[in-house]
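These numbers come from the heavy atoms of this one structure, side chains and all, not from hydrogens, waters or symmetry mates. In this text the structure is predicted, and so the values were computed from the model without any measurement.
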Amino acid sequence: MYFRLIAVSLLIGWAPLQASADSVNLNEISAYLNSLKSVSGSFTQINDDGTISTGEVFIKRPGRIRFEYDPPNEVLVIGGGGQVAIFDDKSNQPPEQYPLKRTPLNLILARNVDLSRANMVVGFEYDGTATTIIAQDPENPDYGTIQLKFTGPTVELRQWIITSGDGTRTTVTLNGLEQNAQIAAISFSIQQEINRRNR
């Protein structure tokens with residue numbers, strides 16, 4: 001799976017699910033995530049084997065995401081049409097595909113993000129600088145979790161760590177997100193990418 005590509009340890013010592021006066025609360029985080037309609041930015045990824053990858057990420061909510069990795073990494077990840085596809089230039093095989101809804105990333109790509117739903121947020125911490133939450137699909141906790149780190153007072157997403165159902169962890173640190181980015185819809189078409197590669 002695409003989240004097998006990266007990993008770091010989860011934070012420990014979670015505080016109770018309540019925010020201090022200076023932390024970002026769940027309603028603010030939900031509103032911020034819902035405001036991310038079309039964004040892009042660079043990222044750094046720590047892989048499961050300890051290697052590091054960099055690249056560009058493009059998000060068009062709801063339900064679309066694209067990771068373009070810098071050389072020498074030859075992987076392209078596209079989320080769109082309810083699927084996640086992993087393209088590997090080193091392979092002559094069709095892309096691996098998985099249902100997007102079975103990945104924790106689906107929680108922030110949903111049409112309406114509501115982190116106040118019962119049993120969605122299972123961890124909350126404020127360290128004096130950043131607010132970090134752990135969220136899961138309350139109906140399918142076996143799909144894994146996504147750990148999100150935000151800074152304030154103007155809410156900004158800085159990092160996520162995905163832990164899949166099999167325990168694989170993927171860390172993506174964002175180096176700033178550009179809002180209202182102009183991203184062509186075709187960038188999120190898995191079939192278009194398949195067609196392009198088969199020409």
Undergrad: Find the distance between CD (Q147) and CH2 (W160) and round it off to the nearest 0.5 Å.
TA: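 Here the interatomic distance stands at 13.0 Å.
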Undergrad: If you take all heavy atoms of R64 and G80, which pair is closest and at what distance?
TA: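 Closest approach of R64 to G80, heavy atoms only: CG-CA, 4.2 Å.
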Undergrad: Under 3.5 Å, is there a donor-acceptor pair between the side chain of N140 and the main chain of D142?
TA: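 No, because the side chain of N140 does not come within donor-acceptor range (under 3.5 Å) of the backbone of D142.
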Undergrad: Any non-hydrogen side-chain atom of I108 less than 4.5 Å from a side-chain atom of I146?
TA: yes
Undergrad: Taking only residues two or more places apart in sequence, or in another chain, which ones meet V155 in a side-chain contact (heavy atoms from CB on, under 4.5 Å)?
TA: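 Expected list: V24, E28, Y32, F150.
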Undergrad: In terms of hydrophobic clustering (I, L, V, M, F, W, Y; side-chain heavy atoms under 4.5 Å; direct or indirect links), are I78 and L100 co-clustered?
TA: no
Undergrad: Same hydrophobic cluster for V77 and L174, using side-chain heavy-atom links shorter than 4.5 Å among ILVMFWY?
TA: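 In one cluster with V77: L174, yes.
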Undergrad: Does anything in residues 77-95 pair up under salt bridge (charged side-chain N to carboxylate O under 4.0 Å, His left out), and if so which pairs, sequence neighbours excluded?
TA: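 Salt bridge (charged side-chain N to carboxylate O under 4.0 Å, His left out) check on residues 77-95 returns D89-R197.
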Undergrad: Could you walk me through whether L107 and M120 satisfy the side chain to side chain contact (heavy atoms under 4.5 Å, CB included) test, starting with their C-alpha distance in whole Å, then the side-chain angles of each, then the deciding distance to 0.1 Å, before giving a yes or no?
TA: CA-CA 9 Å; L107 296 176; M120 176 171 278; 4.1 Å; yes
Undergrad: Rounded to the nearest 0.5 Å, how far does CG of L26 lie from CZ of F124?
TA: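 Result: 5.5 Å between the selected atoms.
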Undergrad: Mind checking the CD1-CD spacing from I86 to Q93? Nearest 0.5 Å is all I need.
TA: 14.0 Å
Undergrad: Please name the pair of heavy atoms, one in P62 and one in A110, separated by the smallest distance, quoted to 0.1 Å.
TA: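 Closest approach of P62 to A110, heavy atoms only: CB-C, 4.1 Å.
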Undergrad: Please report the closest heavy-atom contact between P138 and R117, naming both atoms and the distance.
TA: CG-NH2, 3.4 Å
Undergrad: Rounded to the nearest 0.5 Å, what separates atom CD1 in I59 from atom CG in L33?
TA: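 It is 9.5 Å, given to the nearest 0.5 Å.
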Undergrad: Starting at CG of D114, measure out to OG of S30 and round the result to the nearest 0.5 Å.
TA: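 It comes to 5.5 Å.
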Undergrad: Are side-chain heavy atoms of N180 and K37 found at a separation under 4.5 Å?
TA: no
Undergrad: Do D137 and K101 come close enough that some side-chain heavy atom pair is under 4.5 Å?
TA: no
Undergrad: Would you name the heavy atoms of I186 and Q192 that are closest together and state the gap between them?
TA: CG1-CG, 3.7 Å
Undergrad: Would you confirm whether the ring centroid of F43 sits within less than 6.0 angstrom of the ring centroid of F67?
TA: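 F67 vs F43: aromatic centres under 6.0 Å.
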Undergrad: For N198, is the CG atom crowded, meaning more than 12 foreign heavy atoms sit under 6.0 Å from it?
TA: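 More than 12 within 6.0 Å, yes.
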Undergrad: With a 4.5 Å limit on heavy-atom distance, are the side chains of L157 and L148 in contact?
TA: yes
Undergrad: Might you work through the side chain to side chain contact (heavy atoms under 4.5 Å, CB included) test for V57 and V172, ending with a clear yes or no?
TA: CA-CA 10 Å; V57 61; V172 172; 6.0 Å; no
Undergrad: Considering all heavy atoms of both residues, which atom of E56 and which atom of G41 are nearest to each other, and what is their separation?
TA: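 Looking at all heavy atoms of both residues, the shortest contact is OE1-O, 3.3 Å.
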Undergrad: Assess the side chains of N34 and R61: does a donor N or O sit below 3.5 Å from an acceptor N or O?
TA: yes
Undergrad: Would you say the side chain of L76 lies within less than 4.5 Å of the side chain of R66, judging by non-hydrogen atoms?
TA: yes
Undergrad: Given R158, which partner from the list T151, T132, T131, N175 fulfils the side chain to side chain donor-acceptor pair (under 3.5 Å) test?
TA: T151
Undergrad: For the backbone of I161 and the side chain of T171, can you confirm whether one donor and one acceptor N or O come within less than 3.5 Å of each other?
TA: no
Undergrad: Compare every heavy atom of G144 with every heavy atom of P104, then report the nearest pair and how far apart it is.
TA: CG-C, 3.7 Å
Undergrad: Could you measure the distance from the CD1 atom of I29 to the OG atom of S116? Nearest 0.5 Å is fine.
TA: 11.5 Å
Undergrad: Dump the intermediate steps for side chain to side chain contact (heavy atoms under 4.5 Å, CB included) on I194 and Q97, then the final yes or no.
TA: CA-CA 12 Å; I194 292 173; Q97 293 195 53; 4.2 Å; yes
Undergrad: Say whether V39 and I65 are linked into one hydrophobic cluster, either directly or through other cluster members, by side-chain heavy-atom distances under 4.5 angstrom.
TA: yes
Undergrad: Does one side chain, of T173 or Q159, offer a donor that lies under 3.5 Å from an acceptor on the other?
TA: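 Yes, because at least one side-chain N or O of T173 sits under 3.5 Å from a partner of the opposite role on Q159.
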Undergrad: Taking a hydrophobic cluster as the set of Ile, Leu, Val, Met, Phe, Trp and Tyr residues connected by side-chain heavy atoms closer than 4.5 Å, whether directly or through intermediates, do I190 and Y69 fall within one such cluster?
TA: no
